[in-house]
Amino acid sequence: MKKLLAILIASLSLNVHAATGQANSSAVIMFLLFIAGTMGITYWAAKKTRTASDFYTAGGGLTGFQNGLAIAGDYLSAASFLGIAGMVYVRGFDGLIYAIGFLFGWPIVMFLIAERLRNLGRYNFADVTSFRLQQKPMRVLAASASLIVITLYLIAQMVGAGKLIELLFGIKYHFAVVIVGVLMMVYVVFGGMTATTWVQIIKAVLMLFGATLMVILVLATFNFNPDAMLAEAVKVHPQGLALMAPGVSLSGNPLNAVSLGLALIFGTAGLPHILMRFFTVANAKEARRSVIYATSFIGYFYILTFIIGFGAIALLVRNPELFNTAPDGSFNILTNLIGGTNMVAVHLANAVGGSLLLGFLAAVTFATIVAVVAGLALAGAAAISHDLYSNVIAKEPVTEQQQLRLSRIATAVLGVLAILLGILFETQNVAFMVGLAFAIAASSNFPVLLMSISWRKCTTRGATIGGFIGLIVASLWVIFSSTVWVDVFGFAESITPFPNPGIISIPLAFVSIWFFSITDKSAQGKKEQEAFDALTVRSQTGLGVSSASLH
Amino acid sequence: MNKSNISAEVLKKISRHPQYKQLLKKRSLIGNCFFVFTLIVYNAFILFLGFAPEAAGKPLFVGATLSIGIFLGVLICLLAIILVVLYVTVSNRVFDPLINNIVKDVL
């Protein structure tokens with residue numbers, strides 16, 4: 001670990017020219033402080049991580065407030081912060097649509113699954129889907145969909161991370177990807193969920209603090225009159241007043257917009273790394289409380305992000321040094337921004353708060369990436385060791401210690417995989433990957449989870465076939481859509497009429513689960529339907545719940 | 001993982017408990033109302049933007065730059081938070097006492 005730090009310091013001091021083209025030692029110092037702090041946490045957490053329950057659920061003793069912060073931390077990835085701020089900067093209104101979709105996933109999680117999930121499961125959501133249905137097929141399905149979702153998410157995070165860190169700290173792309181991968185492995189392998197959660201909580205607090213400070217500074221420039229800020233933004237942006245209205249991404253095809261919306265709001269309820277967080281609290285009541293805090297923090301943060309996006313339009317233009325200017329000093333605020341439009345929040349920090357705030361935001365962004373990647377790796381490790389190995393592959397019962405060891409190996413493998421994928425996809429356009437991850441989560445994990453806990457007649461056959469149909473249709477649809485078929489593979493025309501599969505694949509998964517369940521006349525299917533009463537009693541009252549907390 | 005640690009006897013007792021039936025009924029009714037309301041609000045907003053983008057782009061009041069659409073968008077973000085808080089309040093007031101009574105009676 002010391003060696004790693006030494007390499008980091010050496011490389012950072014060699015590359016002091018950051019994105020803005022000036023030395024930014026405050027970014028490097030804050031970044032090193034963050035690493036030192038989180039290493040301390042990992043050391044402390046490592047001593048506490050003895051059992052599989054510690055590793056996967058931090059012992060299950062978090063409060064709703066802590067867990068709400070950790071969920072917000074997982075949800076507010078660098079992509080959603082920088083990405084949405086950048087989208088508002090370029091297209092104004094349309095940036096809101098994604099944010100609102102992401103946020104509305106939370107009421108859905110609350111009303112449909114949060115408490116029942118906590119009452120039925122122990123480590124991850126596959127515990128819940130296999131509660132009364134057959135272990136093997138349900139675990140294989142859950143692990144397949146989860147690993148695909150996690151891999152897509154990981155690629156998007158790693159590529160984004162590499163690019164960002166390259167810009168922020170002037171480190172080479174490959175090296176940046178390796179740093180993220182190695183740090184993540186250290187957190188997860190040694191500190192498990194305890195370290196991952198505390199890194200996430202600290203990062204969420206820093207991020208909320210940094211964004212709040214930025215918004216105050218931005219609004220202060222306009223005497224705390226948001227309308228004056230918007231008026232200024234409309235004046236300097238090439239799109240003018242059109243910024244205030246929905247643009248092509250919606251009005252072009254309302255069906256596509258609704259389809260995207262469905263994937264966004266139902267996808268959250270199927271994201272394995274988010275669902276896993278519900279097992280880190282003691283009971284359903286705390287799970288409920290987590291959702292209040294998570295929704296409030298996420299909603300608050302998105303509102304800040306809009307202001308940051310519009311504020312950036314109004315203010316960045318006053319700082320020509322942030323742009324690649326033509327010889328005559330002119331520049332286009334959209335195409336000439338140094339580092340591209342994903343960097344608007346970072347540039348704005350510099351414009352309103354100087355290099356200290358820039359350094360702070362850069363360090364927090366880096367922390368965000370590592371923390372989100374760690375959460376993903378943990379969910380992936382659970383799918384591999386808890387679902388696939390312990391419950392499907394192993395012939396004999398697996399001990400806690402074996403499971404723990406295997407989870408750590410799985411994490412290390414996922415870390416190496418993340419680094420390799422990050423390098424492999426460096427030059428690819430990966431913007432569609434988070435959308436695809438949401439679409440698959442909404443079309444496979446979510447229908448299976450919901451039907452298995454709320455519909456008596458659901459059988460293993462129905463859930464397995466329906467879940468795989470949702471998974472396959474959503475994946476194929478995106479591959480044959482304009483975002484991949486045309487933009488990535490370079491074909492002239494897309495095969496699917498619009499890019500987002502949700503409006504087709506989500507109902508299709510539900511209908512398939514229904515159809516293949518009601519036509520299932522097997523004795524096994526009958527037994528599963530009869531087991532629904534026991535499931536309902538436990539999911540409703542929490543009686544018989546296996547507390548993750550053993551202390 | 002063990003399937004369930006509740007004995008068949010306790011299970012039977014709970015299933016016959018009058019307040020358990022009440023709990024199931026109330027929870028599914030209230031939960032579904034919240035869910036359907038959320039879906040309608042969200043999709044209505046998206047469809048409004050999709051089919052009437054000009055209307056969404058109109059200023060909120062004369063002389064303002066802030067448009068109706070952006071104002072509604074921020075309101076809808078707040079609504080998501082309010083819905084969750086409201087649901088949890090209902091859960092604490094309505095469901096939890098029922099659950100506590102059931103657990104007290106059968107154990």
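Worth knowing before you read on, the calculation uses all heavy atoms, side chains too, and leaves out hydrogens, waters and symmetry mates. Chain letters run A, B, ... following the sequence lines, proteins first, then strands; residues in each count from 1.
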Can you tell which part of [X] gets under 4.5 Å to a heavy atom of chain B, answering side chain, backbone, both or neither?
X	answer
A/Thr536	both
A/Leu112	side chain
A/Phe266	side chain
A/Ile100	both
A/Leu230	both
A/Val234	side chain
A/Leu260	neither

In terms of heavy-atom proximity below 4.5 Å to chain A, should [X] be classed as side chain, backbone, both, or neither?
X	answer
B/Ile81	both
B/Asp96	side chain
B/Leu47	side chain
B/Leu39	side chain

Any idea which of [options] has the most non-hydrogen atom pairs under 4.5 angstrom with chain B?
options	value
A/Val109, A/Ile108, A/Asp227, A/Thr295	A/Asp227
A/Ala233, A/Ala284, A/Gly299, A/Ala231	A/Ala231
A/Glu115, A/Met244, A/Arg289	A/Met244
A/Phe111, A/Phe104, A/Tyr302	A/Phe111

Original post:
Counting heavy-atom pairs under 4.5 Å to chain A, which of B/Gly73, B/Ser91, B/Ala56 comes out on top?
Top reply: B/Ser91
Original post:
What residue, out of B/Leu23, B/Leu83, B/Ile70, has the most heavy-atom pairs lying under 4.5 Å from chain A?
Top reply: B/Ile70
Using only atom types and a distance under 3.5 Å, with no angle test, would you say the side chain of [X] pairs donor to acceptor with the backbone of [Y]?
X	Y	value
A/Asn500	A/Gly502	no
A/Glu286	A/Gly64	yes
A/Gln540	B/Leu24	no
A/Ser130	A/Gln135	no

**OP:** Could you check whether the rings of A/Phe297 and A/Tyr293 sit parallel, tilted or perpendicular, using 30° and 60° as the cut-offs?
**Re:**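 Ring orientation of A/Phe297 relative to A/Tyr293: parallel.
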**OP:** Rounded to the nearest 0.5 Å, what's the gap from CG on A/Asn119 to CD1 on B/Ile99? Could you check?
**Re:** 7.5 Å
Is it the case that [X] and [Y] place a side-chain donor and acceptor less than 3.5 Å from each other?
X	Y	result
A/Tyr56	A/Ser385	yes
A/His386	A/Asp127	yes
A/Tyr75	A/Thr268	yes

**OP:** Please examine the side chains of A/Ile313 and A/Leu243, heavy atoms only from C-beta on, and report whether any two atoms are closer than 4.5 Å.
**Re:**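 A/Leu243 reaches A/Ile313 side chain to side chain.
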**OP:** Compute both the distance and the angle, then confirm whether B/Arg27 meets the cation-pi test with B/Phe95: under 6.0 Å from the six-membered ring centre, within 45 degrees of the axis.
**Re:** yes
